[in-house]
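Model, not experiment: these values are computed from the prediction. Both backbone and side-chain heavy atoms feed into the values below; hydrogens, waters and symmetry mates do not.
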Amino acid sequence: MDSFNTPASPIPHPSLSRHLQNDEAPLPLLHQLHALRNSVLSLVSNSDYIFSGSQNEDISVWEKQTFTLKSTLRGHTGSVLALELAKEKEWLFSSSGDSTVRIWHTSKLTPLYIISPYLTSAGDLFSLSWSPTLQTIYIGCQDTSLQWYDFSSLIPPIPASSLSLSSVSSSSYTDLVSLSHTGTSTPSTRKAHKFFDSYPQYERRPADLFARNPSMSGRPESNSPSEAEYPPAEYGLLDVSVTNVIHSAHYGYIYCMALLNNDGKEKDGGSGGVQLATGSGDETVKLWDCTLKGPVCVHEFECAQGAVLALVAQNETIYAGCQDGYVKVLDLETKTLVRTIIVQEVCLLVFSDPLGVLAEHSLKGIDILSMSMIGSDLYTCSADGWIKCWSASFDCTASWQGHNGIILSSFIDVKRPNSARLVTGGNDNYIKVWEVDPPKPRKEDRRLLPKSHDSESFTDTMTYALSKFISIPSVSCTSSHTEDCRQAAIWLKKCLNQLGAHTSLVIFYLSINLLILTLCKLPTGEGKNPLVLGIFSGTKGDKPKPRVLFYGSAIPLSFLLPIPLTLPSRHYDVIPAPRQGWSSDPFTLTGRNGYLYGRGVTDNKGPIIAVACAAADLLSRRALGCDLVFLIEGEEECGSTGFRETVGRYKDAIGDIDAILVSNSTWIGEDKPCITYGLRGVIHCELEISSNHPDLHSGVEGGAVVEPMFDMVRLLASLTDGQRTVQIPGFYDHVRPQTEEEKELYKLLSNVTRRPAASLSSRWREPSLTLHTIEVSGPKNATVIPGLVKSQVSVRIVPDQDLDTITKALVAHLESSFEILQSPNNLRVTVEHVADWWLGNLDDHWFQSLESAVQDVWGVAPLRIREGGVSVFRKESLIENG
């Protein structure tokens, strides 16, 4: 009996981030600003004011000192979607659903310019970013274009502090802006767009600019003294030039942008540079070098987690907030994904598609709509109204419900080095100001991303992740745990993804065409457990990187460090854990006397998590000089049925493998590191002898029939003689003789293990035959003559025995020996699975690298050992199926 027999065992939350916040109240709420029926879509502040863009087309200006409404900037005829400051110019940019960008003076609170994007089909203008170095405003558009307007050549310059609408006419503005080299002046407003300026269909009216508002000012007259009043024509009109547009910059709306902190700094090569990051509904983040001629795309990050809705950048790291509660952490130097933070897990809808495959799709994702950073602390604001703070080690240090609705915008306002405020706005019509504590400054270390990452933090993550992984009773040989195995695959996929891998689930290839699945699409009923495919992308370089298959078990993390590239493959399923023999719950990770106990800690969940955390550690230090590929199965404890076919099916996704690092072995001592360089092969077969009669009663039919049990006993006895020598013809003909060097090695190992050298040799380098089981039909009591008898037999082969030759010889021997019996019963021999022997080259580069790494960590040279068992998957399967 399993220790867990219920199919619905508790499944741990997939997040690897520890929740370190206390149970006290949320961060202090300093003040809240309320405007009736006024969803806060955008926020920004300068030294004097908080500016909030609203759904009702206005920009509210709040005094920072008194938290009172100073003024309301009116003019947009659509929701104010984004705000951006040009502090050196005292300018405020606002973009809107009316497809315009307006520029306001931040001291006088008066309008300066209206920028119309190129063409009228740009739609909603979702995002803005200002470059002080290039004096350029970048605009992210609904029509997927990236547009910009360059103010550096505006002649003569217009100091914002000297502007006065009472002294400058609209025609003067037109004359001034006509001198711009990157824009054109226009005496009229933009043309009406048939979609964005349309009336409701039932009104049957043609589109015009006043479809949603009676005038360009966007407002009827108001007697409120707090509202700024100005003539509607007192501003300059600018058009984005055709040369300042990148059409289809993304394959989706450009929801967010972030100017990187290297704006104006010297880049490699000695030239100054500005970089811009853009996030889109196409699930990508693009990195642009901003030149005088315009942005040039230099890299594209695939987030593969839904639309990218929020971006924030610090140093050389980009944080991308995505749909369904994920934040992707992207390293600019290595161009790699270094971590995924699960802010809020999604709800899932499970159904069966026409192929009989279960599909899971997001029913309601908790989108990350806004993010802000102070130091190394990241604040995420979600569509469920929750605010969470994440430390540099990606642990959640604070979490509270900030709004009764969707949080749409946020920013950090630093008052003093040790004092800061988080300002958030939502669709509950509130702006809230929270007191936050900036993180303590840390010494700069460019090797670490984020700066607080160290070996200790990854050790904590490893233990925390392992405790969750162990808690899933993924027993593959028991049907009651089918759902647990499925959940283990889903959890592991998310775990690897958070640590920086690109992951997917792969269905075992059986008889129909299947695909590598980025979403969770799994077989049902009697289907096999999926493979989990995860790829850690190493630092990009000029030279091609080799690929190494890792077959994981318990070896030190540092073994991987000197190896250029690794592909780990092992299994997340485990064998049953009967209560007897366990002093603690086998599915609860327990530490005792310096050891960790739990089903799967050694075989094989522990090694999977250990190597994954090692890869994440290297990623964070930009030291992963390889592409590390995990291929983890869920059927290993049941014979890995279909594994070879599946690997061949997805060879292109796995890639070309140069070497395999096997970690599925044991050490011969507690403190003696070992490297296994040889494995025996195996041939598993099933014998079945049946009669033409049903099960009979021995008191009635005993002595009158030829019993299948006697035939089976005689047949099995023919396989060996009295000295346990295998009687299969030619069995020992090609066994490689033992060399003098091997004899010396076995003497050394004998001294370490205190076992005879001959015993070690017979286990590791000599062939053998084993009888495993005998099963009978019927009720299995002492009066039954079974009509069917089955037996399991295996043969272990060694160098230089040929796998096919020995397999055929085994079957031929069984069939000929049965013929000699002249029995009326029937024999059926089934070879269930085979795996060839393997012997490594001790002079090989990979072996020497591994041996050197072990010695560096342990201080002694590792022992060279061989194993009696073999993994059923070998490098040749990748090559043969390629």
Side-chain angles (χ1 to χ4, degrees), residues 41-42 53 76 78-84 93-101 115-131 136-150 182-183 190-198 207 238-260 274-291 293-313 318 320-324 328 330 365 367-370 408:
L41 304 181
S42 51
H76 281 295
S79 299
V80 181
L81 302 174
L83 296 173
E84 178 74 337
F93 295 91
S94 60
S95 65
S96 169
D98 64 9
S99 198
T100 67
V101 175
I115 304 176
S116 294
Y118 176 69
L119 300 178
T120 59
S121 59
D124 294 346
L125 307 184
F126 289 113
S127 52
L128 296 169
S129 188
W130 168 256
S131 169
T136 299
I137 185 70
Y138 297 94
I139 309 166
C141 304
Q142 185 180 23
D143 70 348
T144 74
S145 69
L146 175 61
Q147 305 192 23
W148 63 96
Y149 195 97
D150 181 5
T182 59
R190 64 180 177 85
K191 296 179 180 180
H193 188 276
K194 63 181 180 181
F195 176 77
F196 297 108
D197 299 309
S198 62
L238 309 175
D239 287 338
V240 174
S241 170
V242 64
T243 59
N244 288 13
V245 179
I246 298 177
H247 296 285
S248 300
H250 281 269
Y251 293 108
Y253 301 165
I254 301 178
Y255 286 117
C256 49
M257 294 193 289
L259 199 71
L260 305 185
V274 177
Q275 287 192 311
L276 178 73
T278 57
S280 170
D282 62 5
E283 305 187 5
T284 67
V285 172
K286 287 190 176 182
L287 185 63
W288 308 81
D289 277 344
C290 298
T291 69
K293 295 182 179 180
V296 177
C297 186
V298 294
H299 190 73
E300 179 176 331
F301 294 97
E302 293 283 350
C303 292
Q305 210 73 59
V308 180
L309 303 175
L311 284 176
V312 64
I318 296 176
C322 305
Q323 286 181 308
D324 298 339
K328 299 289 184 174
L330 311 170
D367 301 341
I368 308 300
L369 298 176
S370 182
L408 299 165

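The shortest side-chain heavy-atom distance between Leu260 and Leu276 does not fall under the 4.5 Å cut-off. Using a 4.5 Å heavy-atom threshold, the side chains of Leu128 and Leu83 count as separate. Using a 4.5 Å heavy-atom cutoff, the side chains of Glu283 and Phe301 are not in contact. Side-chain atoms of Val240 and Trp148, non-hydrogen and from C-beta on, never get closer than 4.5 Å to each other. With a 4.5 Å cut-off on side-chain heavy atoms, Phe126 and Gln142 count as touching. A 4.5 Å side-chain heavy-atom check between Ser99 and Pro117 finds at least one atom pair inside the cut-off. Residues Tyr251 and Ser280 form no side-chain contact, since every pair of their non-hydrogen atoms from C-beta on lies 4.5 Å or further apart. By the 4.5 Å heavy-atom criterion applied to side chains, Thr278 and Val285 are not counted as neighbours.
Glu84 pairs by the side-chain hydrogen bond (donor to acceptor under 3.5 Å, both in side chains) definition with nothing, not counting sequence neighbours. For the side-chain hydrogen bond (donor to acceptor under 3.5 Å, both in side chains) test, residues two or more places apart in sequence or in another chain that qualify with Ser94 are His76, Trp104. Scored by the side-chain hydrogen bond (donor to acceptor under 3.5 Å, both in side chains) test, Thr284 finds His250, Asp282 as partners (sequence neighbours excluded).
Between the Thr291 side chain and the Gly294 main chain, a donor and an acceptor come within less than 3.5 Å of each other. A donor-acceptor contact shorter than 3.5 Å links the side chain of Ser95 to the backbone of Leu125. Side chain of Thr100 to main chain of Ile115: no donor-acceptor pair is present (N/O by atom type, distance under 3.5 Å, no hydrogens or angles). For the pair Ser129 (side chain) and Met257 (backbone), a donor-acceptor distance under 3.5 Å is absent. Judged by distance alone, with hydrogens and angles left aside, the side-chain atoms of Gln323 form no donor-acceptor pair with the main-chain N or O of Gly306 at under 3.5 Å. Panel note: side chain Lys286, backbone Ala249; a donor-acceptor pair is recorded below 3.5 Å. Side chain of Ser96 to backbone of Gly78: a donor-acceptor contact under 3.5 angstrom is found. Looking only at distances, no side-chain donor or acceptor of Gln147 sits under 3.5 Å from a matching main-chain atom of Tyr138.
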Report the C-alpha separation of Trp288 and Val296 in whole Å, then their side-chain angles, then the decisive distance to 0.1 Å, and conclude whether the side chain to side chain contact (heavy atoms under 4.5 Å, CB included) test is met.
CA-CA 5 Å; Trp288 308 81; Val296 177; 5.7 Å; no
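Interatomic distance, Ile368 CD1 to Asp324 CG, rounded to the nearest 0.5 Å: 9.5 Å.
A donor-acceptor contact closer than 3.5 angstrom links the side chains of Gln275 and Asp289.
For Pro295 against Leu146, the heavy-atom pair with the smallest separation is CG-CD2, 4.0 Å.
Around atom OH of Tyr253, no more than 12 heavy atoms belonging to other residues, nucleotides or ligands sit under 6.0 Å away.
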